[in-house]
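One structure below.
Model, not experiment: these values are computed from the prediction.
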Amino acid sequence: MSERSERTRSTADFVGTGTLVRLALRRDRVLIPVWIVVFVTMAAGSAQASIDLYPDVASRVEAARTSNASPALVSLYGRIFDETSLGELSLFKLTAFGAALVGLLAAILVVRHTRTEEESGRLELLSAGVLGRYAALAAALIVSSGTVVLLGLLTALSLIGVGLPAGGSFAFGLMWVAAGLSFAGVAAVTAQLTEGARAANGFTAVILGIAYVLRAIGDSSADGKSEWVSWLSPIGWSQQVRAFAGDRYVVVLVPLVFMAVLVAGALALIRRRDVGAGLVRPRPGPAIASPSLRSPLALAWRLHRGSLYGWGFAFLLLGLLVGNIASNVDGFVTSDSAKEMVEKLGGVNGITDAFLATEMGMVGLLASAFGIQAALRLRSEETALRAEPLLATGVTRAQWLGSHVLMALFGTGALILVAGLGSGISSGASLGNMGRQVPRMLAAAAVQLPAIWLVTALVVVLFGLAPKLVTGAWVLFGVFLLIGQFGAIFNLPESVMNLSPYGHTPRLPGGDFSVTPVLWLTAIAAALTLAGLATFRRRDIG
């Protein structure tokens, strides 16, 4: 009888899981498919674009050796294990970096359907009915794991479709799945530690960053004595699957065990806390605010500064790495078709500038992600009922909204310029012309801002018009990313290409600068921001 009662009790802890899974899938019915398409297209597009550049083994070996000889490239993307493998060379930029992005997506989904639901109070209302203690976490893990498994499968099929070997393609998809499952487990634990979703996501991002650094240390070991450090990282585990370079499927058992241990720990932590509470209690502030907090802008700065500092350090490091890589980019030009492309771009200097312009565009995309996240703070403050008491004082709606928007715009500007400065210093030192490179790279960074601000403004206008749809900004961001990065590869019509604001950004350094698209993008961003403010002033809070 006791064993039967224990089984009944265990089953009761998961009651309502299926209902929560259906609810989560309904809420993310647009977000999840869009991001799956983004990742799949990113992998297939990268493979398709690289196949023609390395038609023979000799060209692959030379390019792979150039990559492995660059500590900056190895630290950023990882080591190429099989120098003759077309598949590995085509996708080496998405091995470690792509695994980190998939891990981040999986973690965000777990936090979104656990801690975010608790923070908003919706989970407590649901728990008043028939809902087991573990149902929310179980549903979140099912949705997150199912998303990354489907993503990995579709990625593998897309790689087979562009002509890569089936075994390596499935190993590559499995590599992404392994990273996603690992960080879904990490998020399951961090969601139990704090009372806020932002803090849970922040802890997860810190762990992901540490994992990436550990992998970089192990991969860039010159004498091979520090390679074991990579095995301390979930990203390193996924990389050790070695897709297209041995296809070691058995390595996936390591992240599976890692996830199982973390999930068991998360379930144990749930039993030790109340709904809505965290194991790490927030520290109460002083009863009277300091002078530095006596304005809406000062409060917004306090709320955003932590994430801005973290992103700023990452962008400086990224800029330094990109600039260092630029000095070796001509080593990848080995095939006749690639050499012909370089000649059209203006020789080695042309391909270096083209590389820097492309990478600065990618940095601009990352800065846009910060802008979206910062602007979304408006909605999280509103739903957490922190905005209404503030607006009940002498703070106007325009002041409150403007303070957060200003922090988003300032933050994206600071990040992109820090990256431009870092890349200018690094590439200038490598190419022996720092006095020329620093201002060129700062200009290349600055021209990214109008497109970044336009995407940030989309969050503001959605917040004013339809606050429940504000996360749709991530969907639009994904669409813009697909169009901008892979539209030319898939020969999309010009009318579709023009939908992306990033497609109108001047390609600097090396390209022609036109002030017209910069002014238009800036004007549209300003108009959207003002429209968001006008509509916010006319709607009810909440």
Check Ala96 against Arg215 and note the closest heavy-atom contact, atom names and distance. CB-NE, 3.7 Å
Which residues pass the side chain to side chain donor-acceptor pair (under 3.5 Å) test with Ser85, sequence neighbours left out? none
Closer than 3.5 angstrom, by distance alone: can the side chain of Thr204 be matched with the main-chain N or O of Ala107 as a donor-acceptor pair? no
Using a 3.5 Å distance criterion without hydrogens, assess whether the side chain of Thr95 forms a donor-acceptor pair with backbone atoms of Leu91. yes
Closest non-hydrogen atom pair, Ala47 against Leu159: CB-CD2, 4.0 Å
In terms of the angle between their ring planes, are Phe172 and Phe244 parallel, tilted or perpendicular, with boundaries placed at 30° and 60°? tilted
Nearest heavy-atom contact between Ala188 and Leu137 is CB-CD1, 3.7 Å
Can you tell me how far the CG atom of Leu151 sits from the OG1 atom of Thr147, to the nearest 0.5 Å? 8.0 Å
More than 12 heavy atoms of other groups within 6.0 Å of Phe97 CZ: no
Could you give the distance from OG (Ser182) to CD1 (Ile235), rounded to the nearest 0.5 Å? 9.5 Å
Could you go through Phe92 and Arg79, starting from their C-alpha distance and side-chain angles, then the distance that decides it, and tell me whether this counts as side chain to side chain contact (heavy atoms under 4.5 Å, CB included)? CA-CA 8 Å; Phe92 86 101; Arg79 185 169 297 278; over 6 Å; no
If we ignore hydrogens and angles and just use 3.5 Å, is the side chain of His504 paired with the main-chain N or O of Asn498 as donor and acceptor? yes
Arg248, CZ atom: more than 12 neighbouring heavy atoms under 6.0 Å: yes
Side-chain heavy-atom pair Pro255, Leu181 within 4.5 angstrom cut-off: no
Between Val518 and Phe513, is there a side-chain heavy-atom distance shorter than 4.5 Å? yes
If I compare all heavy atoms of Phe370 with all of Ala408, which pair ends up nearest, and what's the gap? CE2-O, 4.4 Å
So, are Glu83 and Arg65 salt-bridged, with charged N and O less than 4.0 Å apart? yes
Just so I know, are the side chains of Met259 and Ser145 near enough to count as touching, which here means a heavy-atom distance under 4.5 Å? yes
Looking only at heavy atoms, which two atoms of Val496 and Ile483 are closest? And how far apart? O-CG2, 3.6 Å
Derivation and outcome, side chain to side chain contact (heavy atoms under 4.5 Å, CB included), residues Thr116 and Val111: CA-CA 6 Å; Thr116 302; Val111 174; 4.2 Å; yes
Has the side chain of Ser144 got a donor or acceptor atom that lies under 3.5 Å from a matching backbone atom of Leu141? no
Parallel, tilted or perpendicular for Trp35 and Phe477, by the 30°/60° rule? tilted
Using a distance-only test with no angle check, is there a side-chain donor-acceptor pair under 3.5 angstrom linking Ser427 and Gln437? yes
Could you tell me whether the side chain of Ser230 and the main chain of Ala216 form a donor-acceptor pair under 3.5 Å? no
Check whether any side-chain heavy atom of Trp231 sits under 4.5 Å from a side-chain heavy atom of Gln240, and report yes or no. yes
Donor-acceptor contact below 3.5 Å, side chain Thr456 vs main chain Ile452: yes
Sidechain-backbone polar pair: Trp474 side chain, Gln373 backbone, donor-acceptor under 3.5 Å: no
With a 4.5 Å limit on heavy-atom distance, are the side chains of Val363 and Gln448 in contact? no
Side chain to side chain, Val102 and Phe183, heavy atoms closer than 4.5 Å: no
Trp453 side chain to Thr522 side chain, donor-acceptor N/O pair below 3.5 angstrom: no
Is there a side chain to side chain contact (heavy atoms under 4.5 Å, CB included) between Leu308 and Leu415 once you walk through the steps? CA-CA 8 Å; Leu308 182 58; Leu415 293 179; 4.0 Å; yes
Measure the OH-CD1 distance between Tyr212 and Ile217 for me, rounded to the nearest 0.5 Å. 13.0 Å
Using a 4.5 Å cut-off on heavy atoms from C-beta on, say whether the side chain of Met360 contacts that of Ser423. yes
Less than 4.5 Å apart, side chain to side chain, heavy atoms only: is that true for Met434 and Ile425? yes
As an exercise, state the distance from CD1 of Ile80 to CG of Asp219, rounded to the nearest 0.5 Å. 11.5 Å
For Ser158 and Thr155, which heavy atoms make the closest approach, and how far apart are they? OG-O, 2.7 Å
Between the side chain of Thr190 and the main-chain N/O of Ala187, is any donor-acceptor distance below 3.5 Å? yes
Output the distance between atom CD (Glu359) and atom CE (Met441), rounded to the nearest 0.5 Å. 9.5 Å
The reported gap from CZ in Phe480 to OH in Tyr502 (rounded to nearest 0.5 angstrom) is 7.5 Å
Salt bridge or not between Asp82 and Arg242? Use side-chain N to carboxylate O under 4.0 Å. no
Would Leu105 and Val148 satisfy side chain to side chain contact (heavy atoms under 4.5 Å, CB included), going step by step from the backbone distance to the final call? CA-CA 8 Å; Leu105 173 64; Val148 297; 5.5 Å; no
